[in-house]
Amino acid sequence: MRESRWQQFDFVIVLAWAMLRGSGEGAFVGFLGGVLLDSVTYMPFGINSALFGLVGYFIGLPEVNVDRGNLPYFLGTAAIATLAYHTLYFLILQALGTALPPIIETYATALPAALLNAALLAPAFVLCRRLLRALAGWTQLRL
């Protein structure tokens, strides 16, 4: 189960957005990113949508209680979320009857991905924050 670049990019953006905007928007962005990812992968449709939505929701829950400038929080969140995602992905595919290598090989892929996601979270956070600032000037269309 090798993680693609788009999957990793999508996952990090979901983490950053959920940290910035909370659980509701994190779940929505995670689900939307998962649908886009599911549409280009060969795995059963809906797995990434469900998992990314769950990750976005749970990462966005402590929005009020956690200081956003805390670097260990960023790094730990990305690493733990990546390991949880890979574990759940493996278990879902096993439950669906997909033949997979042993879980130790999954973690051989998940550990470097967790470190890379932790390293990429800070730039993704800055990118999402700038995007939110740019979109703040837009007005909503009211019907």
Side-chain angles (χ1 to χ4, degrees), residues 1-101 103 105-141 143:
M1 240 173 32
R2 188 169 166 248
E3 191 171 80
S4 70
R5 288 186 184 115
W6 289 112
Q7 184 178 11
Q8 199 157 16
F9 174 75
D10 196 12
F11 191 78
V12 171
I13 293 297
V14 168
L15 291 175
W17 196 272
M19 286 180 188
L20 278 169
R21 302 295 290 179
S23 60
E25 286 191 31
F28 176 74
V29 169
F31 180 76
L32 182 63
V35 167
L36 293 174
L37 192 59
D38 278 335
S39 67
V40 296
T41 60
Y42 60 89
M43 289 301 184
F45 193 83
I47 294 176
N48 285 314
S49 305
L51 290 178
F52 277 33
L54 285 172
V55 165
Y57 178 76
F58 284 113
I59 294 301
L61 278 178
E63 66 180 307
V64 177
N65 301 327
V66 179
D67 181 22
R68 296 293 182 218
N70 192 352
L71 184 62
Y73 171 75
F74 284 124
L75 300 179
T77 298
I80 290 170
T82 303
L83 293 175
Y85 167 78
H86 279 278
T87 302
L88 290 172
Y89 199 81
F90 181 85
L91 292 174
I92 289 171
L93 289 179
Q94 283 282 47
L96 292 174
T98 305
L100 296 171
I103 192 146
E105 290 183 28
T106 300
Y107 285 120
T109 302
L111 290 175
L115 294 175
L116 187 58
N117 286 351
L120 293 175
L121 186 59
F125 188 81
V126 170
L127 178 74
C128 288
R129 190 170 45 198
R130 286 188 181 179
L131 179 64
L132 284 170
R133 284 183 188 158
L135 294 177
W138 288 20
T139 59
Q140 288 184 334
L141 176 64
L143 299 175

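The figures that follow rest on heavy atoms only: side chains count, while hydrogens, waters and symmetry mates do not.
For A81 against V55, the heavy-atom pair with the smallest separation is CB-CG1, 4.4 Å. Here the closest heavy-atom approach between residue L20 and residue C128 is recorded as CD1-CB, 3.5 Å. Residues S23 and Y57 share a closest heavy-atom pair of CB-O, 3.2 Å. Minimum heavy-atom separation, D10 to G33: OD2-O, 2.7 Å. Minimum heavy-atom separation, S49 to G34: OG-C, 3.3 Å. The two atoms that bring A78 and A118 nearest to each other are CB-CA, 3.6 Å, heavy atoms only.
In this model, a donor atom of one side chain and an acceptor atom of the other lie less than 3.5 Å apart for Y85 and N48. Checking T106 against Y89 by side-chain atom types alone, no donor-acceptor pair falls below 3.5 Å.
Two residues are said to be in side-chain contact when any heavy atoms from C-beta on lie closer than 4.5 Å; L54 and L88 fail this criterion. Using a 4.5 Å heavy-atom cutoff, the side chains of E105 and L100 are not in contact. Between Y107 and L83 there is a side-chain heavy-atom pair separated by less than 4.5 Å. At a threshold of 4.5 Å between non-hydrogen side-chain atoms, the residues L111 and L115 do not count as touching. With contacts defined as side-chain heavy-atom distances shorter than 4.5 Å, the pair P44/I47 qualifies.
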Requested in this report: Start with the C-alpha distance between L121 and N117, add both sets of side-chain angles, then the distance that settles side chain to side chain contact (heavy atoms under 4.5 Å, CB included), and finish with yes or no.
Outcome: CA-CA 6 Å; L121 186 59; N117 286 351; over 6 Å; no
Report task. Evaluate the criterion side chain to side chain contact (heavy atoms under 4.5 Å, CB included) for residue pair L132 and R21; output intermediate values, then yes/no. Result -> CA-CA 9 Å; L132 284 170; R21 302 295 290 179; 3.4 Å; yes
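Judged purely by atom type and a 3.5 angstrom limit, T82 has no side-chain atom pairing as donor or acceptor with the backbone of A114. A side-chain donor-acceptor contact under 3.5 Å links D38 to the backbone of G46.
In this pair, F52 and F11 present their aromatic rings perpendicular. The plane angle is above 60°, beyond the 30 to 60° band.
Taking CG of L37 as the reference point, atom CE of M43 lies at 11.0 Å (rounded to 0.5 Å). Put simply, OG1 on T109 and CZ on F90 are 11.0 Å apart, with the number rounded to the nearest 0.5 Å. Rounded to the nearest 0.5 Å, atoms CZ (F125) and CD1 (I13) are 11.5 Å apart.
Considering V126, L127, L131 in turn, V126 is the only one that fulfils the side-chain contact (heavy atoms from CB on, under 4.5 Å) rule with R129.
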